[in-house]
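Everything on this sheet refers to the single structure shown next.
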Amino acid sequence: MSLTGALYNAFSGLQANARAASMVSTNISNATTESYGRRELALTPGAVGTTGGVRISGVIRHSDPVLVADRRVSDAQLANSNGMYAHSKRLESLVGETGTPGALVERVTAFENALISAATNPASTQRLENVATAATSLTQSLNDLSYEIQQSRQAADTAISHQVQSLNEAMTRLDDLNENIIKANSTGSDSATLLDERARVLDSISEIVPLRVVERELGDIAVFTTSGATLLDGSPQEIGFEPVNAIGASMSLSAGDLNGLTVNGLAVNSTANGMFAGGSLAAQFAIRDDVAVESQASLDAISRDLIERLGPAGPDTTLGATDPGLFTDSGAAFDPLNEEGLAGRIQLNSLVAPGSGSVWRLRDGLGAATQGEVGEGRLLQDITAALTASTIPSSSSLPSVSRSFVNHISEFSSNIAGTRVRAENEQSFLMSQNTALSELELSKGVDTDQELQRLMQIEQQYSANAKVMSVVDDLMERLMSI
């Protein structure tokens with residue numbers, strides 16, 4: 001080998017060593033950066049006809065596409081579970097735990113206790129006022145729960161809008177990255193940084209919907225949901241959604257009051273069985289259209305049961321067939337065809353409202369013309385008996401089983417707590433699964449110990465190449481001095 005050939009080999013080695021050292025430094029500095037893929041310098045032997053040496057043929061970005069795909073699906077599943085758990089936990093806190101002051105069950109208990117206390121001394125105006133106050137607190141709790149449920153639906157509708165916007169923005173960004181990556185690959189430029197950015201964008205929306213990413217021959221990607229919806233394939237698809245300003249208890253997707261998703265202007269299935277199922281977006285649709293609606297229906301049915309127990313067919317014989325009973329629908333008699341949203345409208349009859357001066361009607365009857373015997377507590381006892389009597393509810397939203405009013409409330413509270421427990425257990429499992437996948441992904445990323453060992457090897461190689469150049473320089477000086 002000639003001296004110039006040896007010099008060329010050492011020089012090409014030094015160039016490769018310098019570039020490799022820079023790459024190791026980049027790896028170490030980004031060891032904890034999300035979506036970063038470990039780099040490695042790709043080297044090839046010198047071209048045929050040369051004295052040898054090495055050529056830098058590119059940069060290899062290491063990643064495990066199967067593991068990354070599994071982790072992204074896990075991200076979506078965990079986000080879905082987080083959304084459902086957050087909703088169930090909030091609803092449980094609003095209903096309250098049995099035994100906790102202000103809980104819905106405690107409101108019913110307080111009302112029953114006030115009735116019993118008043119029945120023992122029906123002449124006491126203060127005790128009758130306590131009954132009216134306890135009844136008002138009960139209706140206010142039902143009103144507040146109904147309001148909060150509709151607020152949850154409204155928040156879910158708003159969240160859907162924001163997530164759809166994030167999807168569209170991400171697809172536009174991915175389309176731009178696809179073009180840049182194709183250009184970089186066609187010109188032989190380093191595309192590792194672009195690939196990192198593409199991975200970061202994909203990770204940013206992996207919680208919204210479970211993704212399936214397909215890489216094309218030129219290095220660009222197509223993005224689908226795991227249920228088959230196309231998000232990006234050659235060009236981004238436009239996901240559409242129109243939020244509403246306010247949601248009422250009677251509004252639903254099936255009735256056309258609320259909006260679903262569209263793809264390029266065409267409506268698609270937005271339910272749990274649709275093409276966007278599985279992520280946080282699906283969780284918000286489930287809250288808005290299913291879970292919160294079921295909770296509202298149960299509350300409405302409980303409110304109806306309370307109204308009908310103490311209505312014209314109840315213990316108060318002074319009421320006419322069309323008169324509003326002790327509890328009313330916004331002050332009017334309840335219409336069985338207008339059950340939706342009743343929990344938000346139920347009120348104590350204004351004739352016996354606290355401070356009205358006519359709470360004696362709780363003792364003598366709502367339709368009584370004048371006060372009766374102040375010691376007569378039979379009606380108060382009958383109201384208590386009506387609440388504790390086991391009857392089959394009229395509403396189809398409650399089980400067709402004979403239960404007392406407090407049993408209906410207790411079952412509703414238990415169902416809410418049970419839903420929260422199941423959601424928490426599912427969240428705990430999915431979080432453990434997601435953590436395991438994330439840690440496995442990180443273990444296949446940058447290992448700083450290995451990178452430092454690699455840096456030491458590069459240093460040794462650099463020293464060897466530098467030594468060759470030094471020796472060649474000495475030899476050439478000797479030749480020139482002859």
Side-chain angles (χ1 to χ4, degrees), residues 33-37 61 63-84 86 155-181 193-216 219-243 260-264 268-272 274-288 427 430-431 433-435 437-438 441-442:
T33 302
E34 294 184 3
S35 306
Y36 177 82
R61 180 182 182 274
S63 66
D64 187 336
V66 175
L67 178 58
V68 171
D70 289 342
R71 193 263 303 156
R72 283 176 180 153
V73 171
S74 177
D75 287 345
Q77 292 173 340
L78 179 58
N80 182 282
S81 179
N82 286 340
M84 301 306 294
D157 194 70
T158 302
I160 291 170
S161 178
H162 292 161
Q163 292 184 21
V164 167
Q165 181 180 356
S166 296
L167 273 179
N168 286 325
E169 291 174 352
M171 290 306 113
T172 301
R173 177 62 179 151
L174 288 173
D175 187 43
D176 293 338
L177 287 169
N178 273 346
E179 293 183 7
N180 293 332
I181 289 171
T193 302
L194 294 172
L195 294 175
D196 282 345
E197 175 63 13
R198 189 170 71 182
R200 188 196 65 76
V201 175
L202 287 169
D203 288 342
S204 71
I205 59 170
S206 63
E207 294 185 351
I208 299 177
V209 289
L211 302 174
R212 183 169 68 90
V213 179
V214 179
E215 186 168 354
R216 303 303 190 192
D220 57 326
I221 59 170
V223 184
F224 308 90
T225 68
T226 54
S227 297
T230 301
L231 301 177
L232 172 66
D233 191 5
S235 61
Q237 306 298 299
E238 181 68 25
I239 312 302
F241 178 77
E242 289 294 331
L261 296 174
T262 61
V263 178
N264 291 336
V268 296
N269 187 349
S270 302
T271 68
M275 294 189 294
F276 290 83
S280 60
L281 184 64
Q284 299 307 317
F285 270 110
I287 291 169
R288 191 196 71 172
Q427 182 202 41
L430 291 173
M431 185 176 294
Q433 182 186 64
N434 186 259
T435 300
L437 288 171
S438 297
E441 184 180 0
L442 286 173

Just wondering, are more than 12 heavy atoms of other shown residues or ligands nearer than 6.0 Å to CD in E169? yes

Could you state the interatomic distance from [atom1] ([X]) to [atom2] ([Y]), rounded to the nearest 0.5 Å?
X: F241; Y: F285; atom1: CZ; atom2: CZ; answer: 5.0 Å
X: R200; Y: I205; atom1: CZ; atom2: CD1; answer: 10.5 Å
X: N434; Y: L430; atom1: CG; atom2: CG; answer: 8.5 Å
X: I239; Y: T262; atom1: CD1; atom2: OG1; answer: 7.5 Å
X: T193; Y: Y36; atom1: OG1; atom2: OH; answer: 8.0 Å
X: M171; Y: T230; atom1: CE; atom2: OG1; answer: 11.0 Å

Are D233 and R216 within salt-bridge range, i.e. N to O under 4.0 Å? yes

State, with a plain yes or no, whether a side-chain heavy atom of [X] is found less than 4.5 Å away from one of [Y].
X: E207; Y: L78; value: no
X: L167; Y: Q237; value: no
X: T435; Y: M431; value: yes
X: N168; Y: E238; value: yes
X: R71; Y: S438; value: yes
X: E441; Y: L437; value: no
X: L261; Y: V263; value: no
X: D220; Y: I181; value: no

Does the [X] side chain pair with the main chain of [Y], one donor and one acceptor, at a distance under 3.5 Å?
X: N178; Y: I221; result: yes
X: S280; Y: A79; result: no
X: S161; Y: D157; result: no

R198 and L195: CA distance, side-chain angles, deciding distance, side-chain contact (heavy atoms from CB on, under 4.5 Å) verdict: CA-CA 5 Å; R198 189 170 71 182; L195 294 175; 3.3 Å; yes

Can you name the nearest heavy-atom pair linking [X] to [Y], along with the distance?
X: T172; Y: P236; answer: N-CB, 4.4 Å
X: G83; Y: A283; answer: CA-CB, 4.5 Å
X: A76; Y: S206; answer: CB-O, 3.2 Å
X: A277; Y: A272; answer: CB-O, 3.1 Å
X: Q433; Y: S74; answer: OE1-OG, 3.9 Å
X: R72; Y: A199; answer: NH2-O, 3.5 Å

Step-by-step side-chain contact (heavy atoms from CB on, under 4.5 Å) determination, M275 to N269: CA-CA 7 Å; M275 294 189 294; N269 187 349; over 6 Å; no

Would you please test L231 and V209 for side-chain contact (heavy atoms from CB on, under 4.5 Å) and show each step? CA-CA 10 Å; L231 301 177; V209 289; 4.2 Å; yes

Qualifying residue for side-chain contact (heavy atoms from CB on, under 4.5 Å) with L232, from V214, V213, D175: D175

